Number of protein chains: 2
Amino acid sequence: MTVMTRDPGGGANLSALRGHNAALVLDLLRTAGEDGISRLELAERTGLTPQAVSKITARLRAEGLAAEAGRRASTGGKPRTVLRLVPAAAHAVGAHLDRDGLTLALADLTGAPVALRHTPLALADGPDPVLATLVAEVRELLAGARAPDGAAPSGVLGAGVAMPGPLDHRRGVPGRVTGAPVWDGFPVREALAARLGLPVTLDKDTNAAALGLALRPGAPRSFAYVHLGTGLGAGLVVGGAPLRGERTGAGELGHQTVQLDGPPCVCGGRGCLEALCLAAVARGDLPGAARILGTGAANLVRLLDIDRVLLGGATVLAAPGVFADGVAAVLAGLRLPTPVEVASAPHAVALGAAHLVLAPVFGLAPPGEPESGRGKPESGPAAGPGDRAVLSSDGRTIG
Amino acid sequence: MTVMTRDPGGGANLSALRGHNAALVLDLLRTAGEDGISRLELAERTGLTPQAVSKITARLRAEGLAAEAGRRASTGGKPRTVLRLVPAAAHAVGAHLDRDGLTLALADLTGAPVALRHTPLALADGPDPVLATLVAEVRELLAGARAPDGAAPSGVLGAGVAMPGPLDHRRGVPGRVTGAPVWDGFPVREALAARLGLPVTLDKDTNAAALGLALRPGAPRSFAYVHLGTGLGAGLVVGGAPLRGERTGAGELGHQTVQLDGPPCVCGGRGCLEALCLAAVARGDLPGAARILGTGAANLVRLLDIDRVLLGGATVLAAPGVFADGVAAVLAGLRLPTPVEVASAPHAVALGAAHLVLAPVFGLAPPGEPESGRGKPESGPAAGPGDRAVLSSDGRTIG
DNA sequence: AGCACTTAAGCAACGCTGTTGCCGAAGTGC
DNA sequence: GCACTTCGGCAACAGCGTTGCTTAAGTGCT
């Protein structure tokens with residue numbers, strides 16, 4: 001029952017312990033949402049003593065992250081006090097940097113959108129103009145999201161940036177972005193962090209979307225977010241956390257071979273799922289495309305033993321019923337009981353990108369940083385280890 | 001740097017903290033192997049203070065799990081004292097329950113085999129005769145592995161059992177074992193635990209093999225163990241830990257569709273990798289089988305972004321060069337730099353099964369138990385939470 | 001040889017964690 | 001109005017890693 005999954009280089013001191021439990025409680029508060037949750041429920045769910053939960057929630061309340069919100073009905077004694085997350089206690093910027101446009105979201109601590117922006121933009125123009133636009137747009141976003149009293153949004157924890165792969169989320173650097181070699185190896189994370197004055201996290205668009213979906217209350221522990229738009233990709237969530245692979249390459253569903261002797265693909269292979277599926281779409285055969293997509297989804301379900309398939313992307317959203325039914329039919333034909341749904345959340349990627357920043361607050365493994373490097377301890381001279389100083393309320397620095 | 005990955009229901013108290021750090025140190029001692037590792041290196045690798053490492057290693061030495069073993073060369077001051085794991089401090093039984101035979105291994109704390117046994121056996125005979133044989137064989141194994149002074153092997157922590165899927169590692173119950181419906185739903189883990197008087201962990205054969213490979217020193221963080229024998233399956237290791245999926249079904253590589261319009265398969269699909277690959281083997285076309293297998297491996301590498309492909313199983317081992325070269329050629333043709341190797345470890349599954357018991361000692365997530373159940377805290381009335389009592393030296397009970 | 005210097009590892013005091021035992025607060029139900 | 005139940009905070013406590021200092025055990029220059 002103890003369960004702190006190991007992670008090489010992850011010695012735990014008291015500060016880490018405190019942070020771990022605080023994150024755990026915060027996550028339960030987040031999951032409880034509007035309903036809230038009582039101290040005793042928190043104690044039951046965490047396995048901690050009620051007294052420990054009292055101390056932890058007292059700290060969270062002092063930091064402004066949680067607040068009391070009414071009481072439950074009595075069951076014969078003193079009624080339980082309900083605690084809730086304070087959504088406005090902190091915010092995160094999410095940026096979806098796509099081939100033809102930039103979508104920005106400002107999300108509160110619960111991940112709910114507070115402000116949104118969209119600007120056309122050509123990713124192929126390269127880092128300089130694109131990042132300049134991004135920085136300017138973020139500033140506009142934050143300026144436009146002032147509270148009625150004119151105060152800037154409190155506690156901006158950082159910015160999450162989602163863009164098409166391939167890239168390396170650990171180093172925060174894109175690889176050969178399709179059609180835009182100018183991005184290759186450009187240190188996006190560092191450059192943006194310096195210009196925004198905020199911590200920046202970079203991830204692949206599908207991973208960000210999947211993360212956002214994974215953090216919704218009631219989300220299944222494992223699912224695949226299958227995105228069919230101008231391309232085909234997937235975000236894999238296994239055991240509640242996105243599966244990124246060693247080089248952020250996981251989820252490359254588009255170039256799965258599903259036809260050994262199929263037509264050659266630009267990737268060097270034959271019979272790639274993306275090529276076959278998009279070809280069907282191009283000739284107007286949406287049910288055929290759905291069947292092919294369903295085969296890819298079935299492969300995913302069987303290989304990873306996941307609980308659900310979520311479909312998204314412009315092509316799917318243009319005919320959601322056709323794709324949902326087509327994919328579900330393929331799974332049913334293989335006697336796989338996995339439910340299929342269309343994830344129609346608007347701005348899913350931009351909001352998911354914001355979750356890149358929010359997730360660590362709730363104890364979900366952050367995507368960035370070495371994370372193991374085998375031997376590199378990066379013995380922290382900077383600030384006390386495991387401090388949750390991220391959440392002290394001075395994070396509104398922007399310029 | 002804090003990094004204790006979250007796990008719902010996983011509140012951490014001091015006892016858990018202690019266990020976590022002890023497991024971390026034990027894992028580094030294990031990884032260091034014969035070379036050993038000094039206290040200061042342990043401190044650097046864990047991020048803990050040298051003094052904390054001193055205390056932890058003192059406890060481990062008191063428990064008999066670690067011992068001093070010589071010193072390093074001086075670098076201008078007092079030479080570092082080398083610490084090593086004591087292999088004989090604890091043991092684990094590993095059982096590979098295959099369709100036609102039972103292989104047993106007794107492994108020491110490092111996972112090295114101390115004793116081995118093999119008996120022919122028909123899995124299809126069902127639980128009663130098979131488990132009776134298993135229990136008798138385990139007793140023979142332990143009796144035969146006495147030290148020169150006649151003492152039974154110290155600290156038998158439990159027994160790991162690996163068998164063909166499908167099954168549910170959480171409940172410890174097989175599903176519809178191919179060709180043997182008598183096993184369906186039989187509580188193997190509970191029944192064996194009661195009859196052996198030992199904790200029992202159940203897992204799929206490929207998962208066990210992959211776990212064993214993952215725990216070898218120098219193993220890559222992520223790899224796929226692809227097993228081609230009478231069937232085709234895979235064990236997936238991602239980030240150092242086996243990926244089992246929600247119902248132990250992950251790794252079902254055999255029924256990945258790689259030929260949309262291929263021949264029908266018993267599973268209900270068409271063009272399944274297993275059917276195509278085995279058909280090529282049956283007609284003597286091993287290079288063809290290797291190419292097909294390579295396509296399946298390439299799909300894995302791309303989907304999961306893993307570091308290496310390990311091949312195993314009787315069919316592969318009968319012509320290792322052909323398969324290794326064939327698979328590697330397919331990957332190279334797709335410009336995937338992933339190395340391909342043949343994992344020729346004998347008794348890989350039985351030893352991997354022993355690792356099912358050993359892994360938790362080193363802080364790797366154990367495969368059994370609810371692990372999250374969303375809300376079920378199973379508040380532990382039994383023994384103090386997180387106690388490492390497993391390793392107190394009275395574990396030799398067998399009757 | 002002898003001395004200064006460097007590095008490793010243990011001892012003692014300390015701060016901070018969750019835990020335990022107890023008590024007041026705030027309801028229900030007879 | 002009183003007994004009972006349940007919630008949640010206060011205070012004392014045990015145990016964790018940390019800090020400051022001391023001792024052990026080498027190297028290298030004089």
Side-chain angles (χ1 to χ4, degrees), chain A residues 1-2 4 10-25 36-44 46-62 66 68 70-83 379-381 383-388, chain B residues 1-2 4 10-25 36-44 46-62 66 68 70-83 379-381 383-388:
Chain A
M1 73 191 49
T2 139
M4 290 180 283
N13 54 25
L14 289 174
S15 184
L17 182 88
R18 170 190 173 138
H20 172 82
N21 285 339
L24 206 67
V25 168
I37 185 170
S38 73
R39 288 176 180 80
L40 277 170
E41 282 178 273
L42 287 170
E44 288 168 20
T46 56
L48 294 172
T49 316
Q51 183 58 27
V53 171
S54 272
K55 285 188 179 179
I56 293 166
T57 54
R59 284 198 294 262
L60 295 178
R61 287 194 298 150
E68 299 194 340
R71 346 188 106 180
R72 293 236 191 286
S74 167
T75 59
K78 179 176 176 180
R80 302 184 170 187
T81 313
V82 172
L83 297 171
S379 66
D387 283 336
R388 296 167 23 73
Chain B
M1 66 192 50
T2 140
M4 289 181 284
N13 54 25
L14 289 173
S15 184
L17 182 86
R18 169 187 170 141
H20 172 83
N21 285 339
L24 206 67
V25 169
I37 186 172
S38 73
R39 290 176 179 79
L40 276 170
E41 282 178 273
L42 287 170
E44 287 168 20
T46 57
L48 294 173
T49 314
Q51 184 58 26
V53 172
S54 271
K55 285 189 178 178
I56 292 167
T57 55
R59 285 197 295 262
L60 295 177
R61 287 194 299 152
E68 298 192 342
R71 343 189 108 178
R72 292 238 191 284
S74 167
T75 58
K78 178 176 175 179
R80 302 184 172 189
T81 312
V82 171
L83 297 172
S379 66
D387 282 337
R388 296 166 25 74

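Every chain is numbered from 1 and lettered A, B, ... according to where its sequence line falls, protein lines coming before strand lines. The model shown is predicted, which means the values in this text are computed figures rather than measured ones. Worth knowing before you read on, the calculation uses all heavy atoms, side chains too, and leaves out hydrogens, waters and symmetry mates.
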B:T75: side chain to side chain contact (heavy atoms under 4.5 Å, CB included) partners, not counting sequence neighbours:
none
With sequence neighbours excluded, what pairs up with A:R61 under the salt bridge (charged side-chain N to carboxylate O under 4.0 Å, His left out) test?
A:E68
Determine the stems involving DNA chain D; a stem requires 3 or more consecutive pairs of the Watson-Crick or G-U wobble kind, each with both distances below 3.5 Å, and the answer is none if no such run exists.
C:1-30 with D:1-30
Please confirm whether the shortest side-chain N or O distance from B:N21 to OP1 or OP2 of D:dG17 is below 4.0 Å.
yes
Check the pair A:N21, A:V25 against side-chain contact (heavy atoms from CB on, under 4.5 Å), reporting the backbone distance first and the verdict last.
CA-CA 6 Å; A:N21 285 339; A:V25 168; 5.6 Å; no
Among C:dG18, D:dT18, D:dA11, the one nearest any side-chain atom of A:I56 is C:dG18
Whole-Å distance between C:dT19 C1' and B:R18 CZ?
16 Å
Nearest-nucleotide 5' precedence on DNA chain C, A:L14 against A:L48
A:L14
Length of the line joining B:K55:NZ and D:dA14:C1', which is rounded to integer Å:
13 Å
Tell me: CG of A:L17 to P of C:dT19, nearest whole Å?
9 Å
Working note: A:L83 + A:L60, criterion side-chain contact (heavy atoms from CB on, under 4.5 Å); need CA distance, chi angles, decisive distance, verdict.
CA-CA 10 Å; A:L83 297 171; A:L60 295 178; over 6 Å; no
Measure from CD on A:E41 to P on D:dC7 and round the result to the nearest Å.
10 Å
Check the phosphate of D:dG8 against A:T81, side-chain N and O only, distance under 4.0 Å to OP1 or OP2. Yes or no?
yes
Residue list, salt bridge (charged side-chain N to carboxylate O under 4.0 Å, His left out) with B:R72, at least two apart or on another chain:
B:E41
Of the options A:L42, A:V82, A:T57, which is the one that meets A:I37 in a side chain to side chain contact (heavy atoms under 4.5 Å, CB included)?
A:L42
Could you write out each protein N or O paired with an N or O of nucleotides 27-30 of chain C at a distance under 3.5 Å?
unit_1 : atom_1 : unit_2 : atom_2 : d
C:dG27 : OP1    : A:R71  : NH1    : 3.0
C:dG27 : N2     : A:G76  : O      : 3.0

In chain order, what residues pass the salt bridge (charged side-chain N to carboxylate O under 4.0 Å, His left out) check against A:R59, with sequence neighbours excluded?
none
Quick one: label A:R72 by what it contacts on the DNA or RNA (base, sugar-phosphate, nothing), any heavy atom closer than 4.0 Å.
nothing
Testing the basics here: between B:V53 and B:R39, what is the closest heavy-atom pair and its distance to 0.1 Å?
CG1-O, 3.5 Å
Winner on side-chain proximity to B:Q51, out of C:dT19, C:dC16, C:dC11, is C:dC11
Does B:R80 have a side-chain nitrogen or oxygen under 4.0 Å from the phosphate oxygens OP1 or OP2 of D:dG26?
no
Answer with base, sugar-phosphate or nothing: what part of the nucleic acid does B:S54 contact at a heavy-atom distance below 4.0 Å?
sugar-phosphate
So, for A:P79 and A:A73, which heavy atoms are closest and what is the spacing to 0.1 Å?
CB-C, 4.4 Å
With sugar-phosphate meaning primed atoms plus P, OP1 and OP2, does B:L40 contact a base, only sugar-phosphate, or nothing at under 4.0 Å between heavy atoms?
sugar-phosphate
Considering heavy-atom distances to DNA chain C, does B:R61 or A:R59 have its closest nucleotide positioned more toward the 5' end?
B:R61
